[in-house]
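Read the structure below first, then the notes.
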Number of protein chains: 2
Amino acid sequence: MGEKLTIQDIARLAQVSKATVSRVLNHNPSVDPALRDRVTRIVREHGFVPNVTATGLAGGRNPLIGVLAPPLTWPGIPEIMRGVAQYIEDSIYELVLYSINFERNHSDVLDRILSLRLVSSLLAILPGSLSPHLTNLYQTGLPLVLIDDQEAPGDIPWVGIDNAASAYDATRYLLEVGHRRIAHIVGPPTYYCSTQRLAGYRHALQCYGITHDPAFILQGDFEIESGRQIAANLFDGDRATWPSAIFAANDQMAFGVLDVTTQRGIRVPEDITLIGFDDHILSGYMQPPLTTVHQPFTEMGFKAAEVLIDILGATKGPPLRRSTDHPLHIQLPTSIVVRASSAAHSPSPAP
Amino acid sequence: MGEKLTIQDIARLAQVSKATVSRVLNHNPSVDPALRDRVTRIVREHGFVPNVTATGLAGGRNPLIGVLAPPLTWPGIPEIMRGVAQYIEDSIYELVLYSINFERNHSDVLDRILSLRLVSSLLAILPGSLSPHLTNLYQTGLPLVLIDDQEAPGDIPWVGIDNAASAYDATRYLLEVGHRRIAHIVGPPTYYCSTQRLAGYRHALQCYGITHDPAFILQGDFEIESGRQIAANLFDGDRATWPSAIFAANDQMAFGVLDVTTQRGIRVPEDITLIGFDDHILSGYMQPPLTTVHQPFTEMGFKAAEVLIDILGATKGPPLRRSTDHPLHIQLPTSIVVRASSAAHSPSPAP
DNA sequence: TTGTATGCGTTATCAT
DNA sequence: ATGATAACGCATACAA
């Protein structure tokens, strides 16, 4: 099993030339069926697997997919990677993981990765500051798929969710259980997902004919601490000015809000209803458990891997054949996970 | 930046032969300092990086480390991977991730991985049923490091914790705050860590002169449901028979216990004190937050990567030079994280 | 349809 | 100390 067989050995055993073995291995149609079977049998019998290194050198392409990912301890990343790994596992590809540390890595790291010529395709997860560089690389032919909610999707194949629609749904959910005074804690304004979620929130209010109250739009930064400060500030005000519900643009900020309500004895959802976004793995364990918008992280990873491998499969060696259709953007559906932070009752009977 | 320079190009630019450039690249001492500088400068100017594939084919070794890991959504795995990635990031190596699904993968998958000859070294995390196969491969020269608590460490380089000592510490902690009736929920008996933790528990009781009560040794299986059932069973009994404290061999079983205490209105820690093992990412968010033994997952990953790369560095090409010392086993220290499940008035941690 | 020969980019073994 | 040149294992253009 562990012997280092080469294509030469198989050729000798099958009484054919290396070239023929190679053709069989690569499913070249111009090979006699009988011969093909004989070679195939011997290959299988000996468990021969072509040396990836040699194949890569000779043929150009190798079955390696580079995955650029933030630290695996970030929320949602393990779930995404699980999906990626799941799809790749059933393919002929292998996964080369580049765990990037945004505080230390710059675009030269990306250059080095590609210079090694180990991987010739990339699946980038939340590339952040690397985005512009990746765009350049894509223009020059690098097969690339993005999972990114910080930048608006461009020409690059992209997998994600519809942030505006999801935020619309979350807000409408609150409206439908009777809330009319709904605040929104916004994420960093430079993030695409922040502005989209804000837009969805606004749109929902508009649809329900609710006049927009600027005091209910609260600027956060996705960190738990910002949720804490915003809540403290809000609850410092006269109770009459409080909203009856808060829609936080991510779960972490909602955690911050919960921290404050717990400290001050403000009841959730009786005094104030709370809904987050992401379905963080901790959300179901909060006190009370947090209602939130579930992001299908695993499915996103799975789909992104599928898209990339599709692109690779369609490629007949360099130069890469690019579809001239509109850019490939895949939006996966989200869903609202109702938990106790919103489930108790409606504050006022709906009309 | 993206041009495909070869060693030949550099040779031409530096007016030397490929061989010399190769020597400079590989820090071969037998090269004229002046020449070396000239070549080095040109290499840097052009950002030349040798093609990994070609290097691997010609030289045998490549800078690739295969990491065999369970699904990234398993407890502790992202933390371990974070440590692994952190160390590898600062080395010349790259990380090839093989996410293995224990329900589907068998040892033939391992064979295939090695047959590809992509990676020639492995870092295996909780290899489970792959252990015997890995042992064979190690015997035949595969550079390998294990992070595994299911099997007793053998000849293979190994990174982990001292389960017996850690369980001893946990039990002693309970004894020192006054408990004398301490139950232990044991993990699967086939796991090395289970028997070690049980041994540590027993040893601590012994040291405190406490007679061993078989009724306080409860057989679980590391799953949350077993904790639930054991607790239900325990609390069904006469209150006089209850222990005053429970030491669960992992946090998940402790979660199950907490589930039951909450349902039945049993106060923790007032009525019963609880301590777990692992410091699961959810433990600090339980109600009440769970006191537990912290496993230094990130450090374990970091250290394991360091050990493997040390081994690789000591290797002067195949055959691998093996140290004849005693097997390399590294035990990292654990620590007890005291939270409210064992300390009545400890503040609840901020998320 | 099949075999021969060349090349992929690098390292290593010879010479010089 | 440096330069040719032969591997490394495979794919492929070309010849047969």
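Naming convention: chains lettered A, B, ... in sequence-line order (proteins, then strands); numbering from 1 in each chain.
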Counting N and O atoms only, with roles assigned by atom type, does the side chain of B:T20 sit under 3.5 Å from a partner on the main chain of B:V16, one being a donor and the other an acceptor?
-> no
Just jot down the side-chain hydrogen bond (donor to acceptor under 3.5 Å, both in side chains) partners of B:N28, sequence neighbours excluded, or say none.
-> B:S30
Between C:dT2 atom C1' and A:R36 atom CZ, what is the distance in whole Å?
-> 15 Å
At under 4.0 Å between heavy atoms, what does A:L25 touch on the DNA or RNA strands: base, sugar-phosphate, or nothing?
-> nothing
Do you see a donor-acceptor pair shorter than 3.5 Å between the side chains of B:H46 and B:D9?
-> no
Starting at CG of B:D37 and ending at P of D:dA1, how long is that distance when rounded to a whole Å?
-> 15 Å
Rounded distance in Å - CG (B:N28) to P (D:dG3) = 13 Å
Show the distances under 3.5 angstrom between N or O atoms of the protein and N or O atoms of nucleotides 5-9 of chain D.
unit_1	atom_1	unit_2	atom_2	d
D:dC8	O2	B:L57	O	3.4
D:dC8	O2	B:A58	N	3.2
D:dG9	N2	A:A54	O	3.4

Counting side-chain heavy atoms from C-beta on, which of D:dT2, C:dT11, D:dC14 comes nearest to B:N26?
-> C:dT11
Just wondering, do B:L118 and B:L64 contact through their side chains at under 4.5 Å, heavy atoms?
-> yes
B:T20 side chain N/O closer than 4.0 Å to the phosphate oxygens (OP1, OP2) of D:dG3?
-> yes
Which nucleotide sits closest to the side chain of B:D32: D:dG3, C:dA12, D:dA1?
-> D:dA1
Could you give the CD-to-P distance, from B:Q8 to D:dA4, as a whole number of Å?
-> 10 Å
Sub-3.5 Å donor-acceptor pair from the side chain of A:S22 to the main-chain atoms of A:K18, do we have one?
-> no
Spell out, as yes or no, whether a donor-acceptor pair under 3.5 Å connects the side chain of A:R38 to the backbone of A:A14.
-> yes
Any donor-acceptor pair under 3.5 Å from A:T40 side chain to A:R36 backbone | yes
Under 4.0 Å between any heavy atoms, over every strand shown, what does A:V16 touch: base, sugar-phosphate, or nothing? Just pick one.
-> sugar-phosphate
Please state whether the phosphate of D:dC10, meaning OP1 or OP2, lies under 4.0 angstrom from any side-chain nitrogen or oxygen of A:S22.
-> no
Spacing of B:R23 atom CZ relative to C:dA12 atom P, expressed in whole Å = 11 Å
